[in-house]
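In what follows, a structure is listed as structure tokens, so that the remarks can point back to it.
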Amino acid sequence: ILRIVPVAEIATGNHGFCMELLRLIGLVSIFAGGIFLLFQRDAKRFLAYCSVENLGLVALGSGLGQAGVFAALYHTVNHSLAKTVSFFAIGRLGQHRGGHGFEQLSGALRYSPWWGSAALASLLALGGAVPFATFMSELLIFKAACDKHLYLVLILGLAGAGIVFIGMAAKLIPLAWGETRLDSGNAAANPAMAGGQGKAQVNGAPEDDGEGSAPLTPAEHVAARRIAASEAGVPATIAGAVADVLSVLKADRPVSLRDI
């Protein structure tokens, strides 16, 4: 887009049409992403709408001249680093809890201090909080708008950023310090945590608890093997692949993709 804008500006007579269009697209993306953030219950979908908002900031900066383009590129680098950490952290917490809903991930600092801290820090960075670099890049974007005397753009941009920060805080506080819950979804994904639904040995095979409990399903075999491998220090991706193959080989019935 940045390569096409100068050519399009010359073609349209250097009247600033493309710059105005970029600013409009940026503001719409900021507000759309910020509003949808407020109503998300799934952490990965939340991160997706966060990308919409941050790309809106990049588009807004790209429509504010040379200083804005520099700030937009700086924000792109900052956002890419923070988003990478956030996806890794949320993904690992989701493996631990059996899902990516905010209610399932609640209280992450208690049950997984390292990954909970990573999620907390990366989400604060995505929200543009101090002292992260995203705060400085957003500040440079709004300063570029102020230098161009585009005060309406500045006010709307700050309002959109405020909505995003409110949405971040509303989800981030329960995620980090909320009540840790164990619901049926977590129990199904983690058989070791489901006391009355059968036990899993270290090798992932079902163990008879003497109370006539039902044997584990293929999906629960996969989850049990992943838990055992994780406790043994095996990387999650390798453990998951091995568990999937073993489950297919040992299953008494065909295993669908939904099972694994």
Side-chain angles (χ1 to χ4, degrees), residues 1-2 22 25-62 64 67-97 100-102 104-109 112-145 157-178 236-237:
I1 293 175
L2 292 178
L22 281 173
I25 293 174
L27 289 173
V28 171
S29 296
I30 291 171
F31 275 96
I35 292 173
F36 278 106
L37 280 179
L38 299 175
F39 304 101
Q40 296 309 309
R41 297 182 179 180
D42 183 86
K44 284 194 171 182
R45 190 180 293 271
F46 180 88
L47 292 177
Y49 283 112
C50 181
S51 295
V52 173
E53 181 266 336
N54 278 278
L55 288 176
L57 285 170
V58 172
L60 177 62
S62 300
L64 294 173
V69 170
F70 169 79
L73 294 176
Y74 183 34
H75 188 73
T76 301
V77 175
N78 297 334
H79 173 258
S80 65
L81 296 175
K83 183 56 65 67
T84 301
V85 175
S86 64
F87 264 112
F88 271 110
I90 294 298
R92 187 64 186 92
L93 292 175
Q95 289 178 341
H96 188 85
R97 300 292 290 168
H100 299 99
F102 279 107
Q104 292 173 284
L105 303 179
S106 180
L109 290 179
S112 183
W114 285 103
W115 290 109
S117 299
L120 174 64
S122 59
L123 289 176
L124 283 174
L126 292 175
V130 178
F132 298 99
T134 48
F135 169 78
M136 183 56 66
S137 57
E138 290 187 20
L139 179 63
L140 291 175
I141 291 174
F142 294 133
K143 181 178 182 299
L158 288 173
I163 294 175
V164 171
F165 191 81
I166 293 173
M168 283 283 184
K171 303 298 183 182
L172 188 56
I173 293 174
L175 173 66
W177 295 285
T237 53

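- Rounded to the nearest 0.5 angstrom, Phe132 CZ and Ser137 OG are separated by 12.5 Å.
- Nearest heavy-atom pair across Leu120 and Ala176 is CD1-CB, 4.2 Å.
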Evaluation steps, side chain to side chain contact (heavy atoms under 4.5 Å, CB included), between Leu57 and Phe142:
CA-CA 9 Å; Leu57 285 170; Phe142 294 133; 4.1 Å; yes
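- Not a single side-chain contact (heavy atoms from CB on, under 4.5 Å) links Ala59 to another residue, sequence neighbours left out.
- Phe165 places none of its side-chain heavy atoms less than 4.5 Å from the side chain of Leu172.
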Could you please spell out the steps behind the side chain to side chain contact (heavy atoms under 4.5 Å, CB included) verdict for Phe36 and Val52?
CA-CA 10 Å; Phe36 278 106; Val52 173; over 6 Å; no
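- Shown here for Gly167 and Leu38, the closest heavy-atom pair between the two residues is CA-CD2, 3.4 Å.
- For Phe70, the CZ atom sits in a loose shell: 12 or fewer heavy atoms of surrounding residues, nucleotides or ligands are nearer than 6.0 Å.
- Each salt bridge (charged side-chain N to carboxylate O under 4.0 Å, His left out) pair with one or both residues in residues 128-145, not counting sequence neighbours, appears once here: Lys143-Asp147.
- Atoms SG and CG, from Cys50 and Leu55 in turn, are 9.5 Å apart once rounded to the nearest 0.5 Å.
- Environment of CG in Leu158: crowded, with over 12 heavy atoms of neighbouring residues, nucleotides or ligands closer than 6.0 Å.
- Leu47 meets the side-chain contact (heavy atoms from CB on, under 4.5 Å) test with Lys83, Ser86, Phe87, Ile90, Leu123, Leu126; sequence neighbours excluded.
- Scanning both residues, Gly116 and Leu109, for their nearest heavy atoms gives C-CD2, 3.5 Å.
- Closest heavy-atom contact between Tyr74 and Ala133: OH-CB, 3.8 Å.
- Shown here are the ring pair (Phe, Tyr, Trp, His ring centres under 6.0 Å) partners of Phe102, two or more places apart in sequence or in another chain: Phe46.
- The distance from the OG1 atom of Thr84 to the NE2 atom of His79 is 9.0 Å, given to the nearest 0.5 Å.
- For Arg45, the side-chain contact (heavy atoms from CB on, under 4.5 Å) partners at least two apart in sequence or on another chain are Gln40, Asp42, Tyr49.
- No donor-acceptor distance shorter than 3.5 angstrom exists from the side chain of Thr134 to the backbone of Asn78, with no hydrogens or angles considered.
- Taking the side-chain contact (heavy atoms from CB on, under 4.5 Å) definition, one finds that Leu2 meets it with Ser62, Val69, Leu73, sequence neighbours left out.
- His75 and Asn54 get closest at one heavy-atom pair: NE2-OD1, 2.8 Å.
- When all heavy atoms are compared, the tightest approach of Ala89 to Ala119 is CB-N, 3.6 Å.
- Taking OG1 from Thr76 and CG from Leu81, the interatomic distance works out to 11.0 Å, rounded to the nearest 0.5 Å.
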